[in-house]
Amino acid sequence: MRRFFFITLFSVAITVHPTLGFAKKTSKTAVSKAQGGTRKSAPQGPTYAQREDVMRFADDLAERRGLDREWVHQAIGQARFIGSIPRLMLPAPTGTAKNWRVYRSRFIDPIRIRAGVAFWQANRETLTRAEAEFGVPARIIVGIIGVETIYGQQMGNFRVIDALATLAFDFPAAHPRAVARQEFFTGELEQFLSWSARTGADPLDARGSYAGAMGMPQFMPSSIVKYAVDYDGDGRIDLWNSPADVIGSVANYFKAFNWQRGQPTHFPVRFEVSRLDMDALLAPDILPTFSQASFAAKGAVLEGDALQHAGPLALIELQNGEAAPSYVAGTENFYAITRYNWSSYYAMAVIELGDEVAAALPAGPR
């Protein structure tokens with residue numbers, strides 16, 4: 001079985017242009033190839049070069065990270081405010097009804113299923129190896145990549161530096177968690193610039209989502225640093241063009257978030273109305289909290305294979321607009337999927353897309 005390597009993204013030497021301050025590439029980098037979709041850019045606003053607070057941040061970043069001050073000023077100074085991004089970050093208006101069936105239809109359709117089958121067939125050996133080494137089922141890895149980018153077809157057209165700078169310096173104050181989220185994106189901008197400097201990548205080149213997520217798995221810069229692996233053994237990490245690196249990195253991400261080998265993600269659940277305490281069951285949200293006994297005591301009834309499950313459970317509610325909600329009993333592995341995107345709807349879409357792709361594979365060994 002081929003061994004995989006953990007390769008630091010900060011291991012590539014760089015040289016700095018004496019006048020422009022941008023790093024010359026001394027190795028082939030992940031962001032130098034096509035990054036999915038067209039290169040049509042979002043409408044751009046002013047650069048951040050004239051913002052004194054931003055330039056103070058640049059000075060501080062250069063000092064703390066040991067980066068060339070002029071290089072950091074050049075990079076951040078050429079980042080542009082993108083007016084559409086703050087609006088995209090705002091939550092849906094209060095009272096907007098959630099609808100699992102509508103949400104599901106966005107991600108589980110013939111296009112993604114066909115693309116998923118092709119991806120699985122092309123990368124069967126790598127998926128099998130990752131499942132054996134990390135314990136994460138191939139269908140979950142395939143589900144993630146399909147939901148995120150349709151297997152690399154839609155990796156985002158925003159310049160990452162524009163997206164991160166906009167969210168770091170102009171995060172919408174109307175957001176209910178504005179302070180915490182702005183701090184998060186400030187940290188991601190710092191990670192992105194550090195990654196660019198240490199790998200020799202041009203910080204103006206990388207494209208991604210409006211939140212700054214990159215590559216086939218849509219990793220944020222900090223996730224690339226912590227969890228990305230060189231799974232094809234070529235000495236570098238490429239989340240745009242190497243399916244092996246993508247598969248290994250997604251599997252490693254879930255292992256880091258305590259994926260339990262062989263454990264189902266969820267079980268069917270029904271309710272005993274006479275003793276149902278729905279408020280108590282939903283209070284922990286998606287965090288697995290209840291033992292089987294405490295689950296049953298509050299009116300949530302498990303059957304079949306679920307009775308053999310020894311770990312904690314959460315009651316997962318999926319609203320269906322004006323129709324009755326759907327419910328499942330989520331395990332620690334369901335919760336692990338929500339560490340990728342903090343949403344039970346997202347996690348269920350990943351699970352069901354992976355299942356649909358697996359079911360659509362041609363007959364033969366899987």
Side-chain angles (χ1 to χ4, degrees), residues 92 94-109 113 131 134-144 146-147 253-255 257-360 366:
T94 302
T96 302
K98 296 180 180 179
N99 193 316
W100 159 239
R101 291 167 187 158
V102 172
Y103 185 96
R104 184 186 190 280
S105 70
R106 296 173 185 161
F107 297 104
I108 302 172
D109 59 25
I113 293 170
E131 182 167 344
F134 294 99
V136 182
R139 60 187 175 82
I140 297 298
I141 299 171
V142 169
I144 284 284
V147 166
Y253 184 98
F254 283 125
K255 181 181 178 182
F257 282 92
N258 301 313
W259 184 273
Q260 304 296 305
R261 185 186 294 267
Q263 182 184 92
T265 56
H266 62 287
F267 299 106
V269 62
R270 64 180 179 85
F271 300 119
E272 193 71 48
V273 177
S274 61
R275 51 196 171 97
L276 180 60
D277 188 349
M278 188 64 79
D279 289 342
L281 287 167
L282 293 176
D285 198 12
I286 54 182
L287 180 66
T289 303
F290 301 103
S291 65
Q292 276 204 42
S294 61
F295 216 49
K298 292 176 174 57
V301 180
L302 302 174
E303 298 174 329
D305 292 342
L307 298 177
Q308 307 304 315
H309 179 71
L313 296 164
L315 182 64
I316 306 300
E317 180 182 68
L318 301 169
Q319 297 177 23
N320 290 307
E322 296 182 357
S326 303
Y327 295 95
V328 297
T331 68
E332 291 165 291
N333 280 352
F334 189 97
Y335 185 75
I337 298 174
T338 67
R339 300 310 83 201
Y340 212 100
N341 183 316
W342 203 333
S343 164
S344 56
Y345 298 81
Y346 174 89
M348 190 60 73
V350 166
I351 294 164
E352 295 201 1
L353 176 60
D355 288 345
E356 292 282 350
V357 172
R366 294 181 182 176

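The analysis underlying the following values was restricted to heavy atoms, covering all of them including side chains, and did not include hydrogens, waters or symmetry mates. One is the number of the first residue; the rest follow in order along the sequence. Since the structure is predicted, the reported quantities are computational estimates derived from the model, not experimental observations.
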| message | So does Pro312 get a backbone contact from the side chain of Glu332, meaning a donor-acceptor N/O pair under 3.5 Å? | response | no

| Side-chain contact, heavy-atom cut-off 4.5 Å: Val147 with Phe107? | yes

| message | Just verifying a value: how many Å separate Gln319 CD and Asn99 CG, rounded to the nearest 0.5 Å? | response | 9.0 Å

| said: Against the six-membered ring of Trp342, is Arg339 placed for a cation-pi contact (under 6.0 Å from the centre, within 45° of the normal)? | reply: yes

| remark: One should read off an interatomic distance between Ile337 CD1 and Thr265 OG1, to the nearest 0.5 angstrom, of 5.5 Å

| message | Any heavy-atom pair between the side chains of Val357 and Arg139 that's under 4.5 Å? | response | no

| request: Give the C-alpha distance, both sets of side-chain angles, the deciding distance and a yes or no for side-chain contact (heavy atoms from CB on, under 4.5 Å) between Ile316 and Tyr345. | output: CA-CA 9 Å; Ile316 306 300; Tyr345 298 81; over 6 Å; no

| Are Met348 and Val328 close enough that some pair of their side-chain heavy atoms sits under 4.5 Å apart? | yes

| request: Keeping the roles fixed (side chain from Gln263, backbone from Asn333), state whether a donor-acceptor pair exists under 3.5 Å. | output: yes

| field | Close aromatic pair by centroid cut-off 6.0 Å: Phe254 and Phe134 | value | no

| Heavy atoms, side chains only, cut-off 4.5 Å: are Pro288 and Thr331 in contact? | no

| field | Heavy-atom closest contact (Trp259 atom, Ala336 atom, distance) | value | CE3-CB, 3.9 Å

| task | Quick one: pull up CG in Asp279 and NZ in Lys298 and give me the separation to the nearest 0.5 Å. | result | 12.0 Å

| request: Classify the angle between the aromatic ring planes of His266 and Phe334 as parallel (below 30°), tilted (30 to 60°) or perpendicular (above 60°). | output: perpendicular

| For Glu303, does the CD atom have more than 12 heavy-atom neighbours from other residues, nucleotides or ligands under 6.0 Å away? | yes

| Hey, is the main chain of Ala323 close enough, under 3.5 Å, to the side chain of Asn320 for a donor-acceptor pair? | no

| query | Looking at Ala360 and Ile113, what are the two nearest heavy atoms and their distance? | reply | CB-CG2, 3.8 Å

| note | In this structure, OG of Ser343 is separated from CG of Leu318 (nearest 0.5 Å) by 8.5 Å

| request: Write down the atom of Ala329, the atom of Phe295, and the distance for their closest heavy-atom approach. | output: CB-CE2, 3.8 Å

| said: Can you confirm whether Met278 sits close enough to Leu315 that some side-chain heavy atom of one is under 4.5 Å from a side-chain heavy atom of the other? | reply: yes

| query | With a 4.5 Å limit on heavy-atom distance, are the side chains of Tyr346 and Ile144 in contact? | reply | yes

| When rounded to the nearest 0.5 angstrom, what is the spacing between CD in Glu356 and CZ in Arg104? | 5.5 Å

| Heavy-atom closest contact (Leu302 atom, Pro268 atom, distance) | CD2-O, 3.6 Å

| What is the minimum heavy-atom distance between Ser291 and Ser294, and which atoms define it? | N-OG, 2.9 Å

| said: Classify the ring geometry of Phe271 against Tyr327: parallel below 30°, tilted from 30° to 60°, perpendicular beyond 60°. | reply: perpendicular

| field | Backbone of Leu307 reached by a side-chain donor or acceptor of Gln292 within 3.5 Å | value | yes

| Between Ala280 and Pro284, which heavy-atom pair has the shortest distance, and what is it? | O-CD, 3.5 Å

| said: Is the shortest side-chain heavy-atom distance between Tyr335 and Leu313 below 4.5 Å? | reply: no

